[in-house]
2 protein chains.
Amino acid sequence: MTCHLERRIPGTLCRVSEPNTRSPAVAGEPDGDGGLESVALTPPTRVTRSRATLADVARLAGVSAKTVSRVFSGNAYVADQTRDRVMAAANRLRFRPNDLARSLRHGGVANTVGFVMGDITNQFYFQVAAGMERELAKHGITMILAATEDDPGSEERVVETLLNQRVRALVIVPIAADQSYLEGERQLGTPVICVDRPARNLVADAIVLRNRSGTADAVRALVTNGHRRIGFICSPGGLYTHEQRLAGYRDALREAGVTDSRRWERLKDVDGRPDEESARELMALPDPPTAIVAGNNHASAGVIRALGERRSEIAFIGFDDFELADALGISVIAYDTLEMGRRAALRLLERLDDPTGPPQHIEVDTHVIARGSGEIPPAS
Amino acid sequence: MTCHLERRIPGTLCRVSEPNTRSPAVAGEPDGDGGLESVALTPPTRVTRSRATLADVARLAGVSAKTVSRVFSGNAYVADQTRDRVMAAANRLRFRPNDLARSLRHGGVANTVGFVMGDITNQFYFQVAAGMERELAKHGITMILAATEDDPGSEERVVETLLNQRVRALVIVPIAADQSYLEGERQLGTPVICVDRPARNLVADAIVLRNRSGTADAVRALVTNGHRRIGFICSPGGLYTHEQRLAGYRDALREAGVTDSRRWERLKDVDGRPDEESARELMALPDPPTAIVAGNNHASAGVIRALGERRSEIAFIGFDDFELADALGISVIAYDTLEMGRRAALRLLERLDDPTGPPQHIEVDTHVIARGSGEIPPAS
DNA sequence: CTGTTAGCGCCTTCAG
DNA sequence: CTGAAGGCGCTAACAG
């Protein structure tokens with residue numbers, strides 16, 4: 001214990017933490033291992049002592065290493081008495097099986113899966129990660145996280161890091177122009193699953209949203225409500241999703257016989273607040289749109305800002321649901337992000353069982369949630 | 001390649017993926033490894049072939065294993081010519097150094113850090129994870145993710161999984177009643193950093209928010225604006241943060257000479273929409289509060305729903321910023337979530353350098369962002 | 001039911 | 001500058 005150290009803390013930001021229960025304060029504890037089962041044997045002097053190994057436990061328990069191994073591997077034939085003796089020794093030594101060594105022995109593949117996302121602060125990716133993690137945890141697989149920060153050039157390097165850790169599979173949000181560099185890995189038995197956008201030049205499963213027809217659904221709903229002049233605003237980020245959604249918008253307007261839809265498309269790709277500006281542009285037209293569709297949540301924010309007090313006049317539907325959209329009565333094209341991650345995980349588990357099956361292109365469903373803003377009729 | 005397999009896909013949800021660039025369609029490619037540098041040597045028949053090892057590369061390059069090792073470890077003395085030969089052989093065999101084996105040799109500790117969060121779908125935790133990942137990535141450390149799903153009983157099991165993977169350090173959002181079970185690990189050299197709430201009965205660094213005085217700041221601002229009847233709504237989740245924020249609220253009211261603040265505290269812990277109900281309760285009082293403070297983003301959503309059209313009458317400030325709060329003119333007590341993760345990572349890196357230093361209790365700053373809702377004066 | 005042998009892929013000695 | 005042996009911690013394969 002380093003309790004005696006806790007009193008000589010210098011600085012400004014640092015204070016001793018104070019536990020809320022049991023012992024009045026950690027700093028006040030006696031310098032043994034208070035609260036623990038007091039195994040002793042652990043001299044407080046040596047902070048860095050090497051961990052106990054199988055052999056150590058075996059020695060203490062008076063058995064062979066293999067027997068200890070059997071106890072910790074679970075399903076082996078070990079006499080109850082022996083098992084107890086081994087467990088006692090293991091607890092005394094704080095033994096923990098080393099998964100690194102175990103994995104090495106098992107063909108050098110770890111029990112992990114790598115997830116490569118783009119901009120790590122984008123909550124969409126994290127929801128996907130969450131869905132994945134939940135499913136993988138059920139199967140005792142842990143998830144390693146890495147981010148490309150949406151830099152195409154870093155994808156291969158990031159992936160490499162994960163491969164060197166011998167992940168059993170890779171789930172990636174493709175950002176590089178080409179994923180063919182992964183073909184060799186796939187052949188070597190590391191499945192690749194793409195999320196949000198498909199891979200290019202690589203045979204891989206893909207889990208994407210129903211972008212195109214999902215957007216078309218929303219536009220159709222507006223058309224049904226009497227709208228003809230419908231704006232579309234999107235800041236292109238992920239090219240694939242963006243293209244698909246734009247295509248869906250056009251599909252629906254074409255169906256409706258609207259031929260000049262291009263006039264109401266605004267697809268800026270500059271920084272700053274292009275979406276807000278785009279929305280203002282549209283609203284300033286001599287014949288402004290009576291409804292606006294946003295292609296992603298970033299664009300939604302811009303449009304909502306631009307609409308301001310005119311929120312009750314112009315219909316609006318945005319792709320991607322968001323916190324409080326419910327409370328604010330904003331209609332959206334929504335989907336289950338967790339489900340996306342779950343599907344990725346499930347596909348991945350299937351792949352591990354059968355690496356040779358054909359690649360699947362899975363679309364996660366989307367649906368329009370009517371909350372008011374999307375049901376406003378055209379002004380005229 | 002399994003291209004020929006792609007045509008006989010059965011089902012409903014599955015379609016062949018179509019690349020956007022270069023080759024018109026993966027399914028139409030010749031069955032070689034199109035697009036690659038065509039290293040050949042990799043028979044498409046054997047999907048599961050074992051990976052090349054250091055020894056394989058050495059054999060092909062006509063050198064010893066150690067030489068290859070030196071090349072891949074970077075800073076060794078290797079003749080340029082030898083190096084080239086080794087690299088050529090490595091590329092041909094698609095060699096990748098096995099970090100598992102490497103870590104095993106290096107004292108059995110991996111180059112990873114484990115992050116244990118609570119509810120994995122809570123974006124707060126993910127923002128923290130994001131901040132951590134960015135900082136750790138700079139140091140070549142990867143992050144392993146695990147979640148307790150806010151189940152106190154699962155914490156130890158989850159932590160154990162990570163420890164078995166020999167993470168170099170643990171960052172956890174404590175949820176169990178007691179973290180003393182980690183004391184042994186700390187002594188064995190695995191630092192533990194707590195995020196959002198401090199550990200109990202364990203000497204560990206903690207990175208938390210400036211919960212108490214941050215909340216007090218907001219209440220003081222309301223008081224300054226003339227408010228005396230100020231409600232506080234919070235659904236208790238994380239006990240520590242909740243207690244601290246409530247205490248801050250009381251601090252400020254006490255300072256202002258308000259003695260009956262308890263009447264305006266609503267701290268439900270049932271499921272459903274307790275926060276919204278709480279807000280309605282407050283508004284239905286004979287002398288309703290002229291301002292409401294929410295203790296977390298969940299509570300904020302409830303209050304905003306409850307306020308509805310009366311948003312312009314009653315002042316409101318919520319703890320935690322959220323998407324579009326800006327666009328909606330909602331004042332909040334905000335902080336930099338990424339910074340929290342960054343601080344955790346930095347502390348952790350320090351700890352790895354100096355495992356014996358005193359534990360630090362670090363508070364990440366909070367500040368009130370005035371956007372309108374919090375600046376509404378009292379009605380009377 | 002338990003122990004022995006050998007080796008997973010790599011790297012630290014220690015010699016050339 | 002390069003190579004040969006041995007072992008990190010664990011576990012298949014084979015005995016007993």
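Note on naming: letters A, B, ... go to the chains in the order of the sequence lines (proteins, then strands), and numbering restarts at 1 for each one.
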Can you list the steps and then say if E149(A) with S154(A) is a side chain to side chain donor-acceptor pair (under 3.5 Å)? CA-CA 8 Å; E149(A) 302 291 358; S154(A) 73; over 6 Å; no
What is the distance from [atom1] of [X] to [atom2] of [N], rounded to the nearest Å?
{"X": "R85(B)", "N": "dC1(D)", "atom1": "CZ", "atom2": "C1'", "value": "13 Å"}
{"X": "L104(B)", "N": "dG6(D)", "atom1": "CG", "atom2": "P", "value": "19 Å"}
{"X": "N111(B)", "N": "dC11(C)", "atom1": "CG", "atom2": "C1'", "value": "16 Å"}
{"X": "Y77(A)", "N": "dC1(C)", "atom1": "OH", "atom2": "P", "value": "8 Å"}

Does the distance from a Lys or Arg side-chain N to an Asp or Glu carboxylate O, for E183(A) and R186(A), drop under 4.0 Å? yes
Less than 4.0 angstrom from a charged side-chain N to a carboxylate O is my criterion; do R134(B) and D119(A) meet it?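 D119(A) and R134(B): salt-bridged.
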Are S64(B) and dA4(D) close enough that a side-chain N or O sits under 4.0 Å from OP1 or OP2?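 Result: no.
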Counting the atoms with a prime plus P, OP1 and OP2 as sugar-phosphate, which does S103(A) contact under 4.0 Å by heavy atoms, base, sugar-phosphate, or nothing? nothing
Treating T112(B) as the side-chain partner and I141(B) as the backbone partner, does any N or O pair qualify as donor plus acceptor under 3.5 Å?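 Not confirmed, T112(B) side chain does not pair with I141(B) backbone.
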Tell me whether R59(A) contacts the main-chain N or O of A65(A) through its side chain, where contact means a donor paired with an acceptor under 3.5 Å. no
If a protein heavy atom is under 4.0 Å from the base, mark B; if only from the sugar-phosphate, S; if neither, -; do that for nucleotides 10-16 of chain D going 5' to 3'. BBB----
Ring-plane angle category for F95(A) and F72(A), please: parallel below 30°, perpendicular beyond 60°, tilted otherwise.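 Ring orientation, 0 to 90° scale: perpendicular.
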